[in-house]
Amino acid sequence: MGIFSLFGKKDRQTATTAEKDVSRAKRSSSGSGSAGSSSSGSRSGGTKSSRSTNVKRDAQAARATALKIDAIESEMSSEFVTVPTTTQPHTRTPKPAPASPAAADKPRAPASTREPEAPARQAASPELGDTTEMLLDGQTAVSALAELSSEAAAVVEEAAIMYANGQQVLTEQMLSAAIAEDNLGEAAARAWLMLFDLYQIAGKQQEFEQLAVAYANKFETSPPGWAGNRDQAPKEAASATPAVPFTGKLDAGCAKQIERIQKLASNYRTIRLEFARVTDVDGTGCGMLLEALNRLQKSGHDLILVGAAELADKIRATLEVGRRGDNEQAWLLLLEVLRLLNREHEFEEVSIDYCVTFEVSPPAFSAPQGQVTTAAGDAPPAETTEAYVMPKVIEGRVDELVVAIAAWADDHEPAIIDCAPLARVDFNAAGRMLTGLAPFCSAGKALEFREVNHLVAELFHVIGLHELVRIIPRKN
């Protein structure tokens with residue numbers, strides 16, 4: 001049906017009536033010609049001819065009007081088909097030119113045989129945003145997934161904070177309930193590993209093994225293994241020995257190396273001490289090293305001494321028989337190094353010189369405690385793990401810890417921080433550690449926290465420490 005079909009109905013009826021009158025006039029003219037007289041025929045013929053001409057003229061005018069209406073309908077319908085540039089800028093249908101008078105006079109096919117006109121898509125189709133809102137009932141799929149992910153992550157983060165605050169029982173209940181509900185999405189594996197570490201720290205082997213069976217069924221992969229009680233003995237590296245290198249002058253500046261020895265002694269059975277790069281010594285540095293060696297001997301640690309003979313020579317070069325001064329600690333360190341090297345003859349000679357200088361009884365020689373291995377100063381370094389060892393628990397003020405980590409990072413690039421012994425970090429202490437390390441890391445120092453249990457690793461992510469430090473969780 002044309003656009004003007006409702007409004008042009010009367011005109012179309014007039015045109016049809018005119019056409020019918022022309023047809024009747026033709027039939028009437030044919031009948032009259034055979035029956036009428038000549039006189040009346042001439043009069044009536046003139047009248048009929050005039051009447052026929054008028055009817056034809058009216059019919060032609062009506063037909064022209066109908067054709068013009070069809071032309072206008074065609075033009076307006078083409079305008080409705082045009083696609084707006086806001087939706088498809090490259091496929092806009094060009095607007096057809098207006099119909100010319102000559103085209104309007106041409107015969108037009110009946111409406112029943114014409115091809116259907118294109119629908120007005122813009123009027124019938126909603127906007128893209130409206131369609132999305134209609135299909136998703138006002139909520140996009142992305143927002144729904146983000147909300148689900150944030151809820152699951154909130155459970156994991158809250159559990160990490162509760163554990164940091166010492167609420168171990170509540171942490172276990174929260175993680176167990178979340179795992180049982182099985183609605184954690186991408187955070188599921190993190191929650192499982194946190195609960196594994198929690199059972200490990202608490203010594204709950206039976207619960208750990210039950211969780212391992214459930215883990216294998218859910219993830220179809222091998223579960224973490226029970227590592228035993230981590231507090232039974234100092235941690236022994238599987239294939240590496242931690243080393244403490246001494247460089248430059250052995251003086252008061254070696255305090256950070258002495259502190260590192262104390263940290264390593266609480267977690268490692270064997271410690272490697274390197275003296276090949278020591279260039280000089282003084283009484284203060286000798287006293288600090290002597291005290292550290294005495295503690296290691298009393299605790300029965302095994303030692304690997306690199307460049308110890310060279311260190312003995314440098315100490316001997318600063319000593320003179322009969323001259324006391326402030327170098328007594330250097331004499332005693334020389335005797336200790338000779339004892340650790342098991343050089344009994346040299347030990348006896350130096351002890352006599354020490355006795356003469358300080359007028360005291362010489363110390364007696366005794367075999368070193370534990371196993372002591374020596375290596376030449378120019379020997380290639382052994383496979384060692386250069387790492388600063390974290391304590392078991394970090395809480396309270398952390399100023400000294402931050403300073404120690406910064407001092408360690410000054411001599412190592414990257415600075416590896418061994419977090420294997422670290423069981424828990426208090427939430428407030430974690431914030432202070434972040435504040436203390438922030439300016440240091442901003443200056444370009446690279447830190448790596450390795451072997452971090454998943455409870456602590458999650459806490460570090462909550463406070464944002466992972467943005468400054470590389471966090472490497474423990475591989476169970």
Side-chain angles (χ1 to χ4, degrees), residues 193 197 227 230 234-248 253-277 292 296 301-304 306 380-394 398-425 429-430 432-461 463-476:
L193 293 175
D197 281 341
R230 299 179 184 272
K235 179 176 179 278
E236 180 71 30
S239 59
T241 301
V244 181
F246 289 81
T247 59
C254 68
K256 57 184 178 181
Q257 285 92 339
I258 302 302
E259 182 180 0
R260 171 164 165 75
I261 292 175
Q262 296 175 358
K263 296 289 185 181
L264 293 176
S266 61
N267 295 282
Y268 291 87
R269 174 76 179 182
T270 303
I271 300 177
R272 177 185 175 98
L273 303 179
E274 300 178 354
F275 306 108
R277 297 182 180 179
L296 291 175
H301 279 76
D302 297 335
L303 299 177
I304 299 177
V306 179
E383 292 295 329
T384 61
T385 300
E386 296 284 346
Y388 179 90
V389 181
M390 282 288 204
K392 182 178 180 180
V393 177
I394 299 176
V398 295
D399 297 345
E400 294 182 1
L401 177 63
V402 171
V403 171
I405 293 175
W408 172 256
D410 284 338
D411 297 330
H412 300 82
E413 183 68 28
I416 299 173
I417 310 301
D418 184 6
C419 298
L422 182 60
R424 185 176 69 88
V425 180
R432 295 189 186 100
M433 187 165 62
L434 171 66
T435 303
L437 293 177
F440 182 74
C441 294
S442 300
K445 292 294 183 180
L447 296 177
E448 292 185 5
F449 282 24
R450 296 185 180 181
E451 294 293 314
V452 185
N453 74 56
H454 294 85
L455 293 160
V456 176
E458 197 64 42
L459 175 66
F460 286 163
H461 279 76
I463 66 173
L465 184 62
H466 66 289
E467 298 179 0
L468 301 177
V469 176
R470 183 184 179 190
I471 308 297
I472 304 176
R474 175 182 301 161
K475 295 181 179 180
N476 293 278

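These numbers were taken from a predicted model, which means no experiment stands behind them.
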Is there side-chain contact between [X] and [Y], with at least one heavy-atom pair below 4.5 Å?
X    : Y    : value
V306 : R272 : yes
M390 : I417 : yes
F449 : L465 : yes
Q257 : F246 : yes
V389 : P421 : yes
V452 : F460 : yes
V425 : V393 : no

Within the 3.5 Å criterion, strictly below it, is a donor on D418 or Y268 matched to an acceptor on the partner's side chain? yes
Begin with the C-alpha distance, continue with both residues' side-chain angles, and end with the deciding distance and a verdict on side-chain contact (heavy atoms from CB on, under 4.5 Å) for V402 and T435. CA-CA 10 Å; V402 171; T435 303; over 6 Å; no
Can you check side-chain contact (heavy atoms from CB on, under 4.5 Å) on C441 and L447, steps first, answer last? CA-CA 8 Å; C441 294; L447 296 177; 3.7 Å; yes
Distance in Å, [X] [atom1] paired with [Y] [atom2], rounded so as to fall on 0.5 Å steps:
X    : Y    : atom1 : atom2 : result
E467 : L434 : CD    : CG    : 8.5 Å
L193 : H454 : CG    : NE2   : 4.0 Å
E451 : R474 : CD    : CZ    : 6.5 Å
I472 : R450 : CD1   : CZ    : 5.0 Å
L437 : I405 : CG    : CD1   : 5.5 Å
I271 : K263 : CD1   : NZ    : 13.0 Å

Across all chains, not counting sequence neighbours, the ring-ring contact (aromatic ring centres under 6.0 Å, His included) partners of F440 are none
Would you say the side-chain atoms of H301 pair up with the backbone N or O of A265, donor to acceptor, closer than 3.5 Å? yes
Whether N453 side chain and A420 backbone form a donor-acceptor pair below 3.5 Å: no
State, to 0.1 Å, how close [X] and [Y] come at their nearest heavy-atom pair, and which atoms those are.
X    : Y    : answer
A438 : L468 : CA-CD1, 3.6 Å
K445 : A409 : NZ-O, 3.8 Å
A404 : E259 : CB-OE2, 3.5 Å
I394 : A429 : O-CB, 3.8 Å

Under 30°, 30 to 60°, or over 60°: which ring-plane class applies to Y388 and W408, parallel, tilted or perpendicular? tilted
Among L401, D399, I463, which residue satisfies the side-chain contact (heavy atoms from CB on, under 4.5 Å) criterion with M433? L401
